[in-house]
Asks: 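After the structure tokens below, expect a handful of questions from me.
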Amino acid sequence: MAAGGERAKPAVQSGMENFRKVRTSEEESPLPFSDLPPDVVEMKVKEGSKIRNLMNYAMAQMELKGRRQIVFSGCGRAVTKTITCVEIMKRKLGGLHQVTKVRYKTLLEVWENQDPLPGGPAQNLTVHKNVPSICILLSRDPLDPNETGYQPPEPQPGLEAQPTEAAEDISGASTKGLKRPLPPPREELLTKKLQVQVAGSPRGTGTTDHQAEHNQ
């Protein structure tokens, strides 16, 4: 242990302390879907991409230009953002068929030496990294349901609830109508009135005879 309680410096260093990552690129590879139109739009989602910008462009392609299919792809830390864009698109448009493919992709990272020394390491280093990647195809037209990763369109909220709510309103109204008692006949109302007057009259039956004579 070094004097004064100081930690001893490691004898071996990694050799990368003077390097800084300056560029990252993806290895080009074909989309893992068959029968795609040649002009299909691929939304390449990056880690630093803004979801609002991605969705504005994607929605314009599908709604204004009438595209039938669109592909979202991303790898590494952009996978989560790619899935978020797909869910937003499905919620906004509705009725979209989906096929999801997961694979690995190669990233090329270029590192630059910030403090080169004579006879030292190379000026630049290129690092190959295999990272998980996701490709999601969204289509207005039906896709093969037997293809791996296929998901049918999700039911639209509110479309199925309306008939049910209407049925509940109708059944509730009919139920309330059945629970409401029918008005009693006129003779029964007259009898109840006489009974109330007898109970509250100080002269007892005199009121009853008077009302009976009046009714006759």
Side-chain angles (χ1 to χ4, degrees), residues 16 19-114 123-165:
M16 293 293 293
F19 283 83
R20 180 174 63 91
K21 184 168 62 175
V22 294
R23 186 171 63 256
T24 302
S25 60
E26 297 181 15
E27 188 178 47
E28 294 295 331
S29 58
L31 294 174
F33 307 107
S34 58
D35 301 328
L36 285 178
D39 59 342
V40 66
V41 176
E42 180 184 2
M43 303 295 299
K44 295 183 178 181
V45 183
K46 307 293 184 181
E47 182 181 352
S49 300
K50 293 186 178 299
I51 293 180
R52 177 179 299 179
N53 296 339
L54 292 169
M55 295 312 303
N56 287 341
Y57 183 82
M59 292 296 296
Q61 293 295 316
M62 295 294 284
E63 291 191 316
L64 300 182
K65 295 191 175 182
R67 303 277 186 178
R68 305 298 297 176
Q69 295 180 333
I70 191 169
V71 176
F72 285 85
S73 63
C75 63
R77 295 182 178 178
V79 168
T80 301
K81 188 173 292 187
T82 304
I83 297 173
T84 300
C85 292
V86 169
E87 294 301 321
I88 294 175
M89 175 71 74
K90 289 164 60 179
R91 187 170 64 249
K92 285 181 174 292
L93 294 182
L96 296 178
H97 299 260
Q98 175 179 340
V99 174
T100 303
K101 300 292 184 182
V102 179
R103 56 182 179 171
Y104 277 89
K105 206 168 188 178
T106 301
L107 289 183
L108 304 178
E109 295 182 350
V110 178
W111 294 73
E112 183 180 60
N113 190 355
Q114 300 297 301
Q123 297 294 322
N124 293 330
L125 293 178
T126 302
V127 179
H128 296 253
K129 295 177 64 176
N130 288 329
V131 296
S133 172
I134 192 169
C135 281
I136 302 177
L137 169 64
L138 296 177
S139 174
R140 293 183 183 271
D141 302 321
L143 301 174
D144 184 6
N146 296 320
E147 186 172 357
T148 304
Y150 172 78
Q151 295 183 31
E154 298 178 356
Q156 294 299 299
L159 295 182
E160 297 182 356
Q162 292 177 357
T164 305
E165 292 174 359

Asks: Nearest 0.5 angstrom please: N124 CG to R23 CZ, how far?
Replies: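 Here the interatomic distance stands at 7.5 Å.
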Asks: According to salt bridge (charged side-chain N to carboxylate O under 4.0 Å, His left out), who are the partners of K81, at least two apart in sequence or on a separate chain?
Replies: none
Asks: Residues two or more places apart in sequence or in another chain: which of them pass side-chain contact (heavy atoms from CB on, under 4.5 Å) with D35?
Replies: none
Asks: With sequence neighbours excluded, what pairs up with E26 under the side chain to side chain donor-acceptor pair (under 3.5 Å) test?
Replies: K46, K105
Asks: Looking at every heavy atom in both T148 and V99, which two are closest together, and how far apart are they?
Replies: O-CG1, 3.8 Å
Asks: Quick one about E109 and T24 (side-chain donor to acceptor, distance below 3.5 Å, no hydrogens or angles considered), yes or no?
Replies: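 No donor-acceptor contact under 3.5 Å links the two side chains.
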Asks: I'd like to know if the side chain of Q98 pairs up with that of T100 as donor and acceptor (distance under 3.5 Å, no hydrogens or angles considered).
Replies: yes
Asks: Please list, chain by chain and in numerical order, all residues satisfying side-chain contact (heavy atoms from CB on, under 4.5 Å) with P153, sequence neighbours excluded.
Replies: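 So P153 forms a side-chain contact (heavy atoms from CB on, under 4.5 Å) with H97, Y150.
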Asks: Taking atom CG of L96 and atom CG of L137, what is their separation to the nearest 0.5 Å?
Replies: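 Nearest 0.5 Å value for the CG-CG distance: 10.0 Å.
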Asks: Test of understanding: with side chain to side chain donor-acceptor pair (under 3.5 Å), list the residues that count as partners of E42, not counting sequence neighbours.
Replies: S73
Asks: Do R103 and E27 meet the salt-bridge criterion of a basic N to acidic O distance under 4.0 Å?
Replies: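 Looking at E27 and R103, the cut-off is not met.
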Asks: Which heavy atom of G74 sits nearest a heavy atom of V79, and at what distance?
Replies: O-CG2, 3.8 Å
Asks: Would you say S133 and Y104 make side-chain contact, with heavy atoms under 4.5 Å?
Replies: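 A side-chain contact is absent here, since even the closest heavy-atom pair is not under 4.5 Å.
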Asks: If every non-hydrogen atom of C85 is compared with every non-hydrogen atom of F72, which pair is closest and at what distance?
Replies: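 Heavy-atom minimum between the residues: CB-CE2, 3.7 Å.
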Asks: Could you tell me which residues satisfy side chain to side chain donor-acceptor pair (under 3.5 Å) with K21, sequence neighbours excluded, listed by chain and number?
Replies: none
Asks: Mind checking what makes salt bridge (charged side-chain N to carboxylate O under 4.0 Å, His left out) contact with E87, not counting sequence neighbours?
Replies: K90
Asks: Would you compute the distance between atom CD1 of I51 and atom OG1 of T84 and round it to the nearest 0.5 angstrom?
Replies: 5.0 Å
Asks: Holding to side-chain contact (heavy atoms from CB on, under 4.5 Å), I want the full list of residues that pass it with L108, two or more places apart in sequence or in another chain.
Replies: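 Applying side-chain contact (heavy atoms from CB on, under 4.5 Å) to L108 gives S25, T106, H128.
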Asks: Distance check, rounded to the nearest 0.5 Å: L125 atom CG versus E112 atom CD?
Replies: 10.5 Å
Asks: Roughly how far, to the nearest 0.5 Å, is CG of L143 from CG of N146?
Replies: 12.0 Å
Asks: Return all side-chain donor-acceptor pairs below 3.5 angstrom for residues 52-60, not counting sequence neighbours, or 'none' if the list is empty.
Replies:
| residue | atom | partner | partner atom | Å |
| --- | --- | --- | --- | --- |
| N56 | ND2 | R52 | O | 3.3 |
| Y57 | OH | Q61 | NE2 | 3.4 |

Asks: Only counting residues at least two apart or in another chain, list the ones meeting side chain to side chain donor-acceptor pair (under 3.5 Å) with T82.
Replies: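 None.
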Asks: Identify the two heavy atoms, one from C135 and one from L31, that lie closest to each other, and give their separation to 0.1 Å.
Replies: SG-CD2, 4.3 Å
Asks: What residue pairs, at least two apart or across chains, pass salt bridge (charged side-chain N to carboxylate O under 4.0 Å, His left out) with a residue in residues 53-66?
Replies: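 As it turns out, there is no salt bridge (charged side-chain N to carboxylate O under 4.0 Å, His left out) pair with a partner in residues 53-66 once direct neighbours are skipped.
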Asks: Give, for atom CG of L93 and atom CZ of R140, the distance between the pair rounded to the nearest 0.5 Å.
Replies: 5.0 Å
Asks: Got a sec, which residues hit side-chain contact (heavy atoms from CB on, under 4.5 Å) with E47, two or more places apart in sequence or on another chain?
Replies: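 Counting only residues at least two positions away or on another chain, E47 forms a side-chain contact (heavy atoms from CB on, under 4.5 Å) with R77.
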